[in-house]
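In this text, all values refer to a predicted model and were calculated from it rather than measured experimentally. Residue numbering restarts at 1 for every chain, and letters A, B, ... go by the order of the sequence lines.
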2 protein chains.
Amino acid sequence: MDKRTQIINTALSAFYQKGVHAVGINEILKGSGVAKKTLYNHFVSKDELICACLELRDQRFNQWLYEQLENCNTPFEVANALFGALSAWIDNEVSELGPFNGCFFINAAAEFPQSDHPIALLCKAHKESVLQLLFDKLSHTEQLKGQLEKSKQLAQLLMTLQEGMICQARVTHSSNTLLQDPMLLHQLIASSI
Amino acid sequence: MDKRTQIINTALSAFYQKGVHAVGINEILKGSGVAKKTLYNHFVSKDELICACLELRDQRFNQWLYEQLENCNTPFEVANALFGALSAWIDNEVSELGPFNGCFFINAAAEFPQSDHPIALLCKAHKESVLQLLFDKLSHTEQLKGQLEKSKQLAQLLMTLQEGMICQARVTHSSNTLLQDPMLLHQLIASSI
DNA sequence: CTAGAGGTAGACAGGTCGGTCTACTTCAGG
DNA sequence: CCTGAAGTAGACCGACCTGTCTACCTCTAG
C-alpha cells in the first residue's frame with residue numbers, strides 16, 4: 001500500500017471518530033507510521049488532507065449505499081432497504097463504514113461554517129450525490145417510471161428522514177426503530193405517490 | 001446587565017456561528033468587553049461556559065417552539081406550525097434564534113464525540129425535551145387523546161423530519177419546501193394515526 | 001556505480017490555545 | 001472613612017498546533 005493511501009486511511013478514521021479539529025497532524029503521522037515530510041509531500045496542508053478524506057468517504061459511502069439498494073425494484077423496497085441499511089450502520093454492523101459516529105459530512109460541515117469553504121462544498125456535494133442516487137433508484141421503479149416530479153419528492157422525503165435518523169442516532173446514541181416498521185413505510189410512500 | 005449574562009450572550013452567538021473549537025476565550029473577552037479574570041471568576045473552564053451556553057440555548061429554543069405550537073389543536077396544525085416555524089428560522093426570519101447555522105446541539109455534539117461528556121449529555125437532553133414537547137402537544141389533541149403510543153410514534157416521526165430538515169438546510173444552504181405542502185403533511189399524519 | 005527521488009526522524013519556528021497571576025481600580029455597605 | 005468584593009488590563013506559563021527544514025538513509029533506473 002502506498003504512503004498516500006496509508007495516510008488517508010489513518011486520517012479518515014481519526015477525523016471521523018474524533019472530529020477534524022480534535023485530531024492533529026502528529027497523531028496522524030504516528031498512526032500511519034509516516035514522516036511529516038512525506039505527508040507534506042503528498043498534501044500541501046491539513047485542509048487538503050481533510051478534503052481527500054471526504055472524497056474517499058464519499059466514494060465508500062456511495063458505493064455501500066448503491067449495493068444496499070441494488071436489488072430494489074419498488075419504492076417500498078428502496079425505502080425499506082435504505083432504513084434497514086442505515087440501522088445496521090448505526091448498530092455497528094457495517095464494517096466498511098467503521099464504528100458509527102454520525103454522518104462524517106455533517107460533522108465536518110459543523111466544524112467549517114463558512115459556506116464557501118472547500119470542505120463545506122464537498123459536504124454539500126456529497127449530500128447531492130446521495131439524493132441523486134435515491135432519485136435514480138426511485139425513478140427507475142415500475143411505479144414511478146416517468147414520474148420525475150413524484151420521484152424527486154419521494155427521494156427528498158427519504159433523504160430528510162435519513163438525515164434525521166442519522167443525526168438522532170448520533171446525539172441520542174440509540175437507533176430509531178420507527179422507520180423500520182413496514183406498515184408505516186408503506187403508508188409514507190403511499191402518501192407521496 | 002450583569003457580567004455573567006454578557007459573557008454567555010457573546011459566547012453563545014460566537015459558538016453557534018463559528019463552532020465551539022473555532023472560538024477562543026480571548027475572542028469572547030473582546031466581544032463582551034470583560035476581563036479574563038472576570039470570566040474565570042464566573043466559569044471554572046471553557047467547557048463550563050459552553051455548558052451554560054447550551055442551557056441558555058435550550059431554554060430559548062424550547063420557549064420559542066412552545067410559542068409556535070401554542071394554538072395548535074390538531075396533529076395537522078402541530079405539524080404545519082412546526083415545519084412553518086423551522087422554515088422561518090432557516091430563512092432567518094426568527095430574530096430570537098439568531099442567524100441560522102443549523103442546530104447548535106448537533107453542531108456541538110459533533111465536536112465532542114465522547115458520549116459521556118457533559119456537553120454531549122446536554123445535547124442529548126435538549127433533543128429529549130423537544131421530543132417531549134411535541135409528544136405533549138400531540139397527546140392533548142382531540143384526535144390523539146389517550147392514544148399514547150400513536151402520539152409517541154407521530155412525535156418521533158416529526159422529530160426525525162425536523163432533524164433532517166435542519167441538517168439538510170445547514171449543509172445545502174437551502175430550505176426544504178417539501179414539508180410545507182399541506183397535502184403531504186395531511187397524508188403523513190394520516191399514515192401515522 | 002552512481003545520481004536522484006523519495007523516505008525517516010525529529011528539531012525548530014511562529015503562533016494560538018486555555019488558564020493563572022499580579023497590580024491597579026471602582027464602588028457599595030457597615 | 002474604610003474594607004473587601006468584584007472588575008480591568010494584560011503579562012505570563014506550558015502545552016500544543018501547523019508547517020519548514022536539516023541531515024541522514026534506501027532503493028531504483030540508467
Please state how far atom [atom1] in [X] lies from atom [atom2] in [N], giving the value in whole angstrom units.
{"X": "A/K30", "N": "D/dC17", "atom1": "NZ", "atom2": "P", "answer": "11 Å"}
{"X": "B/N41", "N": "D/dG4", "atom1": "CG", "atom2": "P", "answer": "17 Å"}
{"X": "B/K3", "N": "C/dC27", "atom1": "NZ", "atom2": "P", "answer": "11 Å"}
{"X": "A/L39", "N": "D/dC17", "atom1": "CG", "atom2": "C1'", "answer": "14 Å"}
{"X": "A/D2", "N": "C/dG7", "atom1": "CG", "atom2": "C1'", "answer": "13 Å"}
{"X": "A/F43", "N": "C/dG6", "atom1": "CZ", "atom2": "P", "answer": "15 Å"}
{"X": "B/H42", "N": "D/dA6", "atom1": "NE2", "atom2": "C1'", "answer": "8 Å"}
{"X": "A/L29", "N": "D/dT20", "atom1": "CG", "atom2": "P", "answer": "13 Å"}

Decide if atom CD of A/E96 counts as having more than 12 heavy atoms of other residues, nucleotides or ligands within a radius under 6.0 Å.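 Counting neighbours around CD of A/E96, more than 12 heavy atoms of other residues, nucleotides or ligands fall under 6.0 Å, so yes.
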Heavy-atom count around A/H140 NE2 within 6.0 Å, excluding the residue itself: above 12?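 Check fails, neighbour count at 12 or below.
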So which atom in B/N107 and which in B/G102 form the shortest heavy-atom distance, rounded to 0.1 Å?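 Shortest heavy-atom separation between B/N107 and B/G102 comes out as ND2-C, 4.4 Å.
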Working note: B/S129 + B/N62, criterion side chain to side chain donor-acceptor pair (under 3.5 Å); need CA distance, chi angles, decisive distance, verdict. CA-CA 8 Å; B/S129 72; B/N62 285 14; 3.0 Å; yes
Base versus backbone protein contacts along nucleotides 10-22 of chain C [heavy-atom cut-off under 4.0 Å; B, S, -]: B-------SBBBB
Can you see if the side chain of B/T38 gets near the phosphate of D/dT8 - specifically, an N or O under 4.0 Å from OP1 or OP2? yes
Pi-cation contact, B/F105 with B/R57 (under 6.0 Å, within 45°):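 Checked: cation-pi criterion not met.
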Measure the acute angle between the ring planes of A/H21 and A/F112, then classify it against the limits of 30° and 60° as parallel, tilted or perpendicular.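 Answer is tilted, since the angle falls between 30° and 60°.
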